[in-house]
There are 2 protein chains.
Amino acid sequence: MSEAKTDPRILRTRKFIMDAFMELSAKKEFKDITVKDITNEAMINRATFYYHFEDIYDLLEKVLSEVLLINLDCNAYENSEINEETLISIFTAITNFQNALSNRCHRGYEETIARIIREQLEVVFYRMLVRQHEGEDKEGLQVTAVMLAWGIYGASVEWRRNVKDVTPEAYIQSAIPYLMKGLS
Amino acid sequence: MSEAKTDPRILRTRKFIMDAFMELSAKKEFKDITVKDITNEAMINRATFYYHFEDIYDLLEKVLSEVLLINLDCNAYENSEINEETLISIFTAITNFQNALSNRCHRGYEETIARIIREQLEVVFYRMLVRQHEGEDKEGLQVTAVMLAWGIYGASVEWRRNVKDVTPEAYIQSAIPYLMKGLS
DNA sequence: TTAAAAATGTTGTTTATCCAACACATATAG
DNA sequence: CTATATGTGTTGGATAAACAACATTTTTAA
């Protein structure tokens, strides 16, 4: 385990910036938030912002990934398998995350957000698959992870759009047999 | 007005340290608080502590002065005179401050705290006296400020010790005529 | 359309913070 | 007594953060 301890100043400042951004996101839309706003709120120098992030879009990506990771509680799946329980848990994490986001007014960036979610899901699924199928063809597992990520994400989109009278749990559960036992 | 803006890092770090110290003071006695405790709580490096403060006693002094200053609301007296109203206000500020302290367990440092309070009082009184008696003998005003500081402080000690059935306002008010109109 | 104002990114220099290491003092226990 | 541990205060070198200045681009208003 390579643990190159990161300088506490970095962790502190990144946290200041991210917290400031989330605070501002609750008040105004993404398109109205400037770098100056963020550095004012975070009480750091504007140049320091650019030391940590490419630009405001880079910040958006990293904040979303981080919040999503917390929602996914990645460590919890670190040592478990893909099964009915974990699939339901992940699916509800996604729907919760999206509900939380919808209050935060990131209109116009749905596609970015969607990509981030799928990327995170892909990572999580791939890890679980590799653990579950040691020694098997990595490429096949990779493609499977991609399809699972898109599938789960798509299901969450459709659930939000159409069927909110069914709980997320019930919604995804109806498809699980086909996932777990195969289409045949 | 010379306003040499201080580096925001300094303000931040000092606040972290002071907040950490006050937080710890609520939990354990002063004698059981180590520098390491403080820097852990403040999430800063131990060496950084010594960049800002001589030692833990220096920190104690500065925290108390600052808290006291806030209690005294120094600016409020900045442009006013010594009269019945301000004397009562200052006296109650002191008694409030000491009540707040007594919950914070600084046992064994009463004398240090007393000195800090008197020093602060002296500064406040001297400023008010100078404004009130422009052009008069500074030394006389200085000594008067010293006596007022000791007197007001002593009165607060005696009030705490003996007469808590009288309000601070009533207690000090009984002596104000002799202060304002003189002993004769 | 144009001029002023505000936001973005970048750069070089200075300063505050981090870190590891040190000598020294003060317990605490075997 | 002695060894082990814990706290104090200091140092030198490395690095993150502050700051001011600049050229560009984008917004805003007139």
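Excluded from the calculations below are hydrogen atoms, water molecules and symmetry mates; all remaining heavy atoms, backbone and side chain alike, are included.
If you check distances only, the side chain of R9(B) never reaches the base of dT17(C) with a donor-acceptor pair under 3.5 Å.
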message: side chain to side chain contact (heavy atoms under 4.5 Å, CB included), that's the test. Do L64(A) and I117(A) meet it? Break it down for me.
response: CA-CA 8 Å; L64(A) 290 182; I117(A) 295 178; over 6 Å; no
message: side chain to side chain contact (heavy atoms under 4.5 Å, CB included) for H52(A) and D58(A)? Distances and angles first, verdict last.
response: CA-CA 9 Å; H52(A) 290 274; D58(A) 183 35; over 6 Å; no
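Between K15(B) and D19(B) there is a salt bridge, since at least one side-chain N of the basic residue sits less than 4.0 Å from a carboxylate O of the acidic one.
Taking atom NZ of residue K31(A) and atom C1' of nucleotide dT8(C), one finds them 18 Å apart after rounding to whole Å. Regarding K5(A), its NZ atom lies at a distance of 16 Å from the P atom of dA16(D), rounded to whole Å. Taking atom CZ of F49(B) as the reference point, atom P of dA16(C) lies 18 Å away to the nearest angstrom. One can place CG of D32(A) at 14 Å from C1' of dA6(C), the figure rounded to the nearest angstrom.
In the set dT17(C), dT8(D), dT10(C), dT17(C) carries the atom at the smallest distance from any side-chain atom of T48(B). Distance from the side chain of P8(A) is smallest to dC18(C) among dT11(C), dC18(C), dT8(C). The listed nucleotides are dT17(C), dA21(C), dG9(C); the one nearest the side chain of Y50(A) is dG9(C). Of all nucleotides listed (dA16(D), dT10(D), dA18(D)), dA18(D) comes nearest to the side chain of I44(A). Residue H52(A) places its side chain closer to dA17(D) than to any other of dT8(D), dT11(D), dA17(D).
In this structure, F53(A) has its ring center no closer than 6.0 Å to that of F21(A).
Across all non-hydrogen atoms, the minimal contact from L59(B) to F49(B) is CD2-CE1, 3.8 Å.
Residue N45(B) is classed as a base contact, given a heavy-atom separation below 4.0 Å to a base. Counting non-hydrogen atoms under 4.0 angstrom, I10(B) reaches the backbone sugars and phosphates but no base. Residue-level contact check: R12(A) touches the backbone only, with heavy atoms under 4.0 Å from sugar-phosphate atoms and none from bases.
Between dT17(C) and Y51(B), no contact under 4.0 Å exists linking OP1 or OP2 to a side-chain N or O. Applying the 4.0 Å criterion to OP1 and OP2 of dA6(C), one finds that T34(A) has every side-chain N and O outside that range.
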